[in-house]
Amino acid sequence: MSNSTTTGGTSAPAPGNNDDQEELGAAGSQLSTAPQEEAPGLPSLGVIGWARWFWRQLTSMRVALLLLFLLSLGAIPGSLIPQSGTDETKVADFMQRHSFLGPLYDKLGLFHVYSSVWFSAIYILLFVSLIGCIVPRTWQFVGQLRSRPPGAPRRLTRLPAYTTWRTEAEPEQVREAALVLLKQRRFRAHLAGDAVAAEKGYLREVGNLAFHIALIVMLTAFAWGQLYKSEGNSLIIEGGGFSNTLTQYDDFKSGTLFDTDDLDPFSFHLKDFKGTYETTGPNRGTPRTYQADVDYSVGAYGKAKKRTVKVNEPLVIGDSKVYLTAHGYAPVITVRDGKGDIVFDQAVALLPLDSNVTSSGAIKVMDGYRDPKGVEEQLGIQAFFLPTYVPGNEVASQFPSLENPVLNLAPYHGDLGVDAGLPQSVYQLDKTHMKAYKDAKGQQVRENLKPGETMQLPNGAGSITYQGTKEWANFQVTRQPAAGWALGGAIVAIFGLAGSLFIQRRRVWVRAVKGQGGVTVVEMGGLGRSESAKVPEELGDLAGTLYDQAPGAPDADSDSDATTPDPTPDPTVVPAEGAEK
């Protein structure tokens with residue numbers, strides 16, 4: 001029988017003489033481009049020595065992981081503490097309620113975490129660390145791709161995976177067959193003396209480098225997006241329009257480096273809003289569809305185009321996305337003075353209070369109204385709207401759609417306070433300088449109106465007519481530059497990480513030389529970067545295929561007529577010479 005063994009175990013070389021250790025170390029070198037950890041020691045004296053020491057520490061793997069951890073920790077306050085770039089009102093309220101924490105957080109930059117000095121320092125250091133690690137590794141990997149796999153060690157038995165057999169085929173034939181076989185298995189292979197050297201699994205390092213490069217792309221994209229982003233909301237009533245300028249937004253926030261010239265030039269007109277709801281069952285009243293039919297145009301002279309904007313289906317124009325985020329009702333109100341002249345005639349948006357769109361708001365007549373004596377006054381009307389009114393329940397609507405709409409109005413007259421120059425909500429009524437209208441019994445005037453009905457003010461002060469109901473939609477216009485780059489970086493990072501985890505870089509050597517009695521001795525050895533059963537299994541499969549082309553020779557002590565060779569190399573796994581038992 002032929003002398004065949006296969007060994008498997010760890011990828012570390014077994015103890016032996018120094019020459020074997022050095023030779024195997026050369027054969028197993030450059031299986032990775034990961035930076036080598038150096039033994040701790042004092043840097044050289046002088047500025048250059050300290051600079052080199054600092055650079056090595058900054059570009060080390062442990063420092064990069066530490067910076068990534070600190071970046072994650074630094075982002076936590078940005079999620080828990082109100083941010084000035086997102087909501088100035090909440091920040092002011094926090095400062096007012098916390099006399100100690102408010103000033104402390106302000107000094108630490110916790111109200112603007114992502115633009116603070118300390119967060120930017122961590123961000124920049126992480127950039128430098130990743131780039132300082134990737135550039136030399138990429139250059140080293142390119143050099144490995146241009147070079148050939150190293151030659152076979154002198155003693156292949158020192159490798160963690162090994163097999164051998166004797167064959168009557170010529171060494172040149174065995175080496176040629178091995179070269180063809182390895183290339184067919186997508187190994188990079190070449191003849192090196194009396195052996196064939198092959199290597200496979202370069203995609204592992206490609207995945208590793210791709211993962212780190214993708215991290216840089218993602219960090220850059222996120223930083224760019226935060227600096228140049230913009231986000232604003234605008235409430236549009238059916239029949240109304242919007243132009244993408246700052247004055248058209250109800251609220252607007254942007255990044256540090258944002259400029260108004262960055263706004264995409266477009267406009268749109270809300271033609272119609274439609275909402276459908278579940279009418280029966282336990283989910284009655286649950287929205288089924290929300291959609292807004294709009295006509296939009298790009299640029300000052302762009303051609304109008306039709307589009308339906310739905311929830312999670314935004315209108316995309318350039319770098320801007322127009323999302324449909326909310327909806328409500330806007331009763332159409334006509335106010336006349338005592339002479340019958342119209343002083344107010346428009347739809348007034350009311351804010352929903354619950355899932356059935358019970359709504360409230362204020363109607364403000366600021367100019368043009370005169371009382372019966374001809375004195376200029378301002379009117380304020382507290383409005384409460386029920387889309388589906390059920391008699392006996394005037395507190396809340398019973399369904400979100402307009403099945404039985406009722407508008408409850410409570411009028412006031414006097415000074416609205418808008419001329420004082422102080423900001424106030426358009427949905428709330430400041431009654432400080434307002435007086436309620438009283439009826440003949442001295443009770444405050446309050447009345448429920450259905451579409452088309454009119455409410456008469458006392459003493460000939462005028463009238464209020466509920467003409468009908470329109471619907472409004474709230475649109476959020478967001479501009480997030482480099483969002484596509486961030487998504488692409490995330491996808492590449494996932495695939496790169498998968499490649500670096502599941503692909504193993506390994507090397508195989510096949511040596512064929514003349515042995516005693518003129519019989520060719522074939523040796524095969526495999527080496528992987530880390531401990532894995534894949535290398536011995538793959539080597540066994542390669543050996544079995546090569547054995548079919550160079551079958552084993554008969555044993556010297558067998559009968560002269562016994563010429564049947566061994567069918568395959570012995571698959572028994574035994575420790576290699578010098579390996580630990």
- Can you say whether the rings of F111 and Y105 are parallel (under 30°), tilted (30 to 60°) or perpendicular (over 60°)? perpendicular
- Query: Within a reach of under 6.0 Å around NZ of K364, are more than 12 heavy atoms found that belong to other residues, nucleotides or ligands?
  - Reply: yes
- Gap between atom CG of L324 and atom CD of Q291 - 0.5 Å precision: 9.5 Å
- Query: Is it the case that more than 12 heavy atoms not belonging to H98 sit under 6.0 Å from its NE2 atom?
  - Reply: yes
- Under the 3.5 angstrom rule, does the side chain of T358 hit a backbone N or O of S397 as a donor-acceptor pair? yes
- Message: Could you tell me if the side chain of Y202 sits less than 4.5 Å from the side chain of F141, heavy atoms only?
- Response: yes
- For Y412 and Q444, does a side-chain donor sit closer than 3.5 Å to a side-chain acceptor? yes
- Query: Does K450 reach the side chain of N404, with side-chain heavy atoms less than 4.5 Å apart?
  - Reply: yes
- Message: Quick one about T465 and T334 (side-chain donor to acceptor, distance below 3.5 Å, no hydrogens or angles considered), yes or no?
- Response: no
- Side chains of S320 and D264: donor-acceptor distance under 3.5 Å anywhere? yes
- Describe, in one word, how the ring planes of H413 and Y437 are oriented to each other, choosing from parallel (under 30°), tilted (30 to 60°) and perpendicular (over 60°). tilted
- Task: Ignoring hydrogens and angles, tell me if any N or O in the side chain of R288 forms a donor-acceptor pair with the backbone of Y277 under 3.5 Å.
- Result: no
- Message: Regarding N233 and D251, do their side chains bring together a donor and an acceptor under 3.5 Å, going by distance alone?
- Response: yes
- Message: Tell me whether R479 contacts the main-chain N or O of G318 through its side chain, where contact means a donor paired with an acceptor under 3.5 Å.
- Response: no
- Message: Quick check against the 3.5 Å criterion: does S60 have a side-chain atom that pairs as donor or acceptor with the backbone of Q57?
- Response: yes
- Task: To the nearest 0.5 Å, tell me how far L108 CG sits from L110 CG.
- Result: 5.0 Å
- When rounded to the nearest 0.5 angstrom, what distance separates CG in N283 from OG1 in T280? 9.5 Å
- Check ion pair R284-E278 (N to O, under 4.0 angstrom): no
- Message: With a 3.5 Å distance limit and no angle check, can you tell me whether S243 reaches the backbone of T245 through a side-chain donor-acceptor pair?
- Response: no
- Message: Looking at G442, is its backbone amide N or carbonyl O close enough to the side chain of D439 to form a donor-acceptor pair, meaning the two atoms are under 3.5 Å apart?
- Response: yes
- Message: Checking ring-ring contact (aromatic ring centres under 6.0 Å, His included) between F475 and each of Y323, F242, Y249, F268, which is the one that passes?
- Response: F268
- Task: Decide yes or no for I464 and L457: does some side-chain heavy atom of the first lie under 4.5 Å from some side-chain heavy atom of the second?
- Result: yes
- Message: Check this for me, if you would: do R370 and D337 make a salt bridge, where the nitrogen-to-carboxylate-oxygen distance has to be below 4.0 angstrom?
- Response: no
- Check whether any side-chain heavy atom of V332 sits under 4.5 Å from a side-chain heavy atom of V348, and report yes or no. no
- Under 3.5 Å, is there a donor-acceptor pair between the side chain of H269 and the main chain of V294? no
- Task: Verify, without hydrogens or angle tests, whether S359 (side chain) and V357 (backbone) share a donor-acceptor contact under 3.5 angstrom.
- Result: yes
- Query: How far does CD1 of I317 sit from CG of N244, to the nearest 0.5 angstrom?
  - Reply: 8.0 Å
- Verdict with supporting geometry, L379 and V335, side chain to side chain contact (heavy atoms under 4.5 Å, CB included): CA-CA 9 Å; L379 294 184; V335 179; 3.8 Å; yes
- Note on the structure: When rounded to the nearest 0.5 Å, the distance separating OG of S401 from CD of E471 is 9.0 Å
- Query: Ion pair present between K470 and E238, side-chain N to carboxylate O less than 4.0 angstrom?
  - Reply: no
- Message: Would the distance check show the side chain of N393 and the main-chain N or O of V390 forming a donor-acceptor pair, the cut-off being under 3.5 Å?
- Response: no
- Message: Please evaluate residues V322 and Q476 with respect to the criterion side chain to side chain contact (heavy atoms under 4.5 Å, CB included), reporting the C-alpha separation (whole Å), side-chain torsions for both, the decisive distance (0.1 Å), and the verdict.
- Response: CA-CA 6 Å; V322 182; Q476 183 181 76; over 6 Å; no
- Yes or no on side chain to side chain contact (heavy atoms under 4.5 Å, CB included) for L71 and L126, after CA distance, side-chain angles and deciding distance? CA-CA 9 Å; L71 194 70; L126 181 59; 3.9 Å; yes
- Note on the structure: Scanning both residues in full, the closest heavy-atom pair of V445 with P458 reads CG2-CG, 3.6 Å
- Message: If you count heavy atoms of other groups shown closer than 6.0 angstrom to NZ of K274, is the number above 12?
- Response: no
- Looking at K306 and D295, does any basic side-chain N land under 4.0 Å from a carboxylate oxygen? yes
- With no hydrogens and no angle check, do the side chains of Q382 and R446 hold a donor and an acceptor under 3.5 Å apart? no
- Message: Among D345, L407, L449, V365, exactly one meets side-chain contact (heavy atoms from CB on, under 4.5 Å) together with I333. Which residue is that?
- Response: L407
- Task: Please report the closest heavy-atom contact between P400 and G285, naming both atoms and the distance.
- Result: CG-O, 3.6 Å
- Message: Side chains of I216 and I213, heavy atoms from C-beta outward: is any pair under 4.5 Å?
- Response: no
- Task: Could you check if a side-chain atom of Y369 sits within less than 4.5 angstrom of a side-chain atom of F344, using non-hydrogen atoms only?
- Result: no
- Message: Taking CD in E403 as the centre, count heavy atoms belonging to other residues, nucleotides or ligands within less than 6.0 Å. Is the count above 12?
- Response: yes
- Message: Please determine whether a side-chain nitrogen of the Lys or Arg among E205 and R137 lies less than 4.0 Å from a carboxylate oxygen of the Asp or Glu.
- Response: yes
- Among Y228, W224, F252, which residue meets the ring-ring contact (aromatic ring centres under 6.0 Å, His included) test with F258? F252
- Item | Check: A349 main-chain N/O paired with W472 side-chain donor or acceptor under 3.5 Å | no
- Query: Closest heavy-atom contact between A396 and D354?
  - Reply: CB-OD2, 4.0 Å
- Task: Using a 4.5 Å cut-off on heavy atoms from C-beta on, say whether the side chain of Y466 contacts that of E453.
- Result: no
- Query: Which atoms form the tightest heavy-atom contact between I122 and L67, and what is the distance?
  - Reply: CG2-O, 3.7 Å
- Query: Would you call the rings of H327 and Y290 parallel, tilted or perpendicular, where under 30° means parallel and over 60° means perpendicular?
  - Reply: tilted
- Of all heavy-atom pairs between L270 and A292, which one has the smallest distance, and what is that distance? CD1-CB, 3.7 Å
- Identify the heavy atoms of P451 and G468 that sit nearest to each other, and give their distance. CB-CA, 4.4 Å
- Query: Roughly how far, to the nearest 0.5 Å, is the OG1 atom of T308 from the CG atom of D293?
  - Reply: 4.0 Å
- Message: Can you confirm whether W118 sits close enough to V113 that some side-chain heavy atom of one is under 4.5 Å from a side-chain heavy atom of the other?
- Response: yes
- Item | Candidate pair Y296 and F266, rule ring-ring contact (aromatic ring centres under 6.0 Å, His included), full reasoning | CA-CA 7 Å; Y296 75 96; F266 68 88; 8.2 Å; no
- Message: So for atom CZ, which belongs to R186, do other residues, nucleotides or ligands contribute more than 12 heavy atoms lying within a distance under 6.0 Å?
- Response: no
- Are N448 and L386 close enough, and set up right, to give a side chain to side chain contact (heavy atoms under 4.5 Å, CB included), and what steps lead you there? CA-CA 10 Å; N448 288 338; L386 285 74; over 6 Å; no
- Indicate whether the side chain of T276 and that of T289 have a donor and an acceptor atom separated by less than 3.5 Å. yes
- Item | Donor on one side chain, acceptor on other, D430 and T432, under 3.5 Å | yes
